[in-house]
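The next block holds one structure in the form of structure tokens; read it before the comments.
Note that these values count all heavy atoms, side chains included, but never hydrogens, waters or copies made by symmetry. Every chain is numbered from 1 and lettered A, B, ... according to where its sequence line falls, protein lines coming before strand lines. From a predicted model like this one, the values you see are computed outputs, not experimental measurements.
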Amino acid sequence: MVRVLVIDDSRAIRAVLRRMLVEMGFEVIEAGNGREALTTLAGERPDLCLVDWNMPEMDGLSFVEAVRADPSYAELPLLMVTTESEMERVIEALTAGANEYLMKPFTKDALEAKLELLGVLGPSLA
Amino acid sequence: MDQEPDVHDLDDSQLLEVTEFVWNSTLGLILEPAPPETGSEEGGRVSAVVAITGAWAGSIHLTTTTKMAGVAAALMFGCGEDEVSEPERLDAVGELANQIGGSVKSLLPGPCSLSLPRVWVGVDDPTGAGRPAGLLAASSDGHPVEVVVVEGDAVPA
């Protein structure tokens with residue numbers, strides 16, 4: 001089963017994402033900010049991360065930069081899920097190493113489409 | 001000749017559109033324009049504010065009832081209204097304010113940054129934060145929902 005690490009400081013939006021992802025057949029683990037996520041990443045070895053941008057302690061962009069600085073995570077898909085919708089921000093995140101970008105608010109269909117683009121959702125995996 | 005101030009107002013339909021989309025996408029609830037609340041509904045209020053800094057400076061204020069906050073939290077956490085805690089109600093309203101703030105920010109001049117939401121039990125009074133630049137009085141599931149956009153450098157109290 002594909003393991004997804006959901007990183008967001010809002011427990012409410014983590015619960016929304018967890019429900020959608022479980023319905024799609026994923027196993028979900030959670031972290032409340034980038035720093036906590038780095039620790040979780042090392043211990044749990046997820047197959048994919050969903051990353052919010054604005055979080056306390058360590059924001060999503062810093063998390064993406066830290067992950068991409070470690071060669072052992074070079075292939076780990078990172079999907080930004082954030083209210084930051086300006087094109088400059090999207091480019092900044094993709095340049096830092098995020099693979100895809102989903103803007104809040106989102107629908108389950110939109111999330112599913114992004115996961116398909118990342119190649120983690122499909123007949124063989126779902 | 002005096003130069004006109006650089007004022008960016010949101011019209012009612014823009015604010016309704018972004019708030020409606022947040023409400024519908026995240027909660028699956030309908031949000032409709034409604035007369036401003038009178039404060040007569042029982043159960044108190046929950047308020048949240050997010051600040052925007054950068055090319056445009058101001059804040060987005062969301063206020064609703066404790067009951068609506070409970071409905072939102074129950075929908076987001078996938079449980080019954082009687083099962084949600086106060087921190088969960090505040091978390092849900094904070095996330096809704098964050099999403100509305102992000103959507104409003106996309107309508108304003110950029111680049112801008114969005115703060116983390118600040119949420120509390122009680123009524124908000126955004127009048128001291130700056131110049132009103134948008135107001136939405138709405139209703140969802142029978143509960144009042146108010147969004148106020150304020151332009152100004154003042155840090156929301």
Quiz item: Side-chain contact, heavy-atom cut-off 4.5 Å: A:L78 with A:R68?
Solution: yes
Practice problem: Please check if the side chain of B:S106 supplies one atom and the backbone of B:S103 the other of a donor-acceptor pair under 3.5 Å. | Solution: yes
Exercise. Answer yes or no: are there more than 12 heavy-atom neighbours, outside A:E86 itself, under 6.0 Å from its atom CD?
Key: yes
Self-check item: Most contacts with chain A, counted as non-hydrogen pairs under 4.5 angstrom, among B:P117, B:P111, B:G101
Solution: B:P111
Self-check item: Proximity breakdown for A:R14 and chain B, heavy-atom pairs closer than 4.5 Å
Solution: neither
Quiz item: In terms of heavy-atom proximity below 4.5 Å to chain A, should B:L96 be classed as side chain, backbone, both, or neither?
Solution: neither
Self-check item: A:R11 versus chain B, the contacting section by heavy-atom distance below 4.5 Å
Solution: both
Quiz item: Would you say the side chains of B:D11 and B:S13 form a donor-acceptor pair under 3.5 Å?
Solution: yes
Self-check item: Contact origin within A:M55 toward chain B - heavy atom pairs under 4.5 Å
Solution: backbone
Exercise. Verify, without hydrogens or angle tests, whether B:E83 (side chain) and B:G80 (backbone) share a donor-acceptor contact under 3.5 angstrom.
Key: yes
Quiz item: Run the side-chain hydrogen bond (donor to acceptor under 3.5 Å, both in side chains) check on B:H61 and B:T63 step by step: do they pass?
Solution: CA-CA 7 Å; B:H61 304 250; B:T63 300; over 6 Å; no
Quiz item: For B:L114, is it the side chain, the backbone, both or neither that has a heavy atom under 4.5 Å from a heavy atom of chain A?
Solution: both
Quiz item: Under a 4.5 Å heavy-atom cut-off, does chain A meet the side chain of B:Q99, its backbone, both or neither?
Solution: both
Exercise. Between chain B and each of A:E88, A:M87, A:E84, count heavy-atom pairs under 4.5 Å; write down the option with the most.
Key: A:E84
Quiz item: With no hydrogens and no angle check, do the side chains of B:D91 and A:S10 hold a donor and an acceptor under 3.5 Å apart?
Solution: yes
Practice problem: Counting only heavy atoms closer than 4.5 Å, note whether B:S113 contacts chain A via side chain, backbone, both or neither. | Solution: both
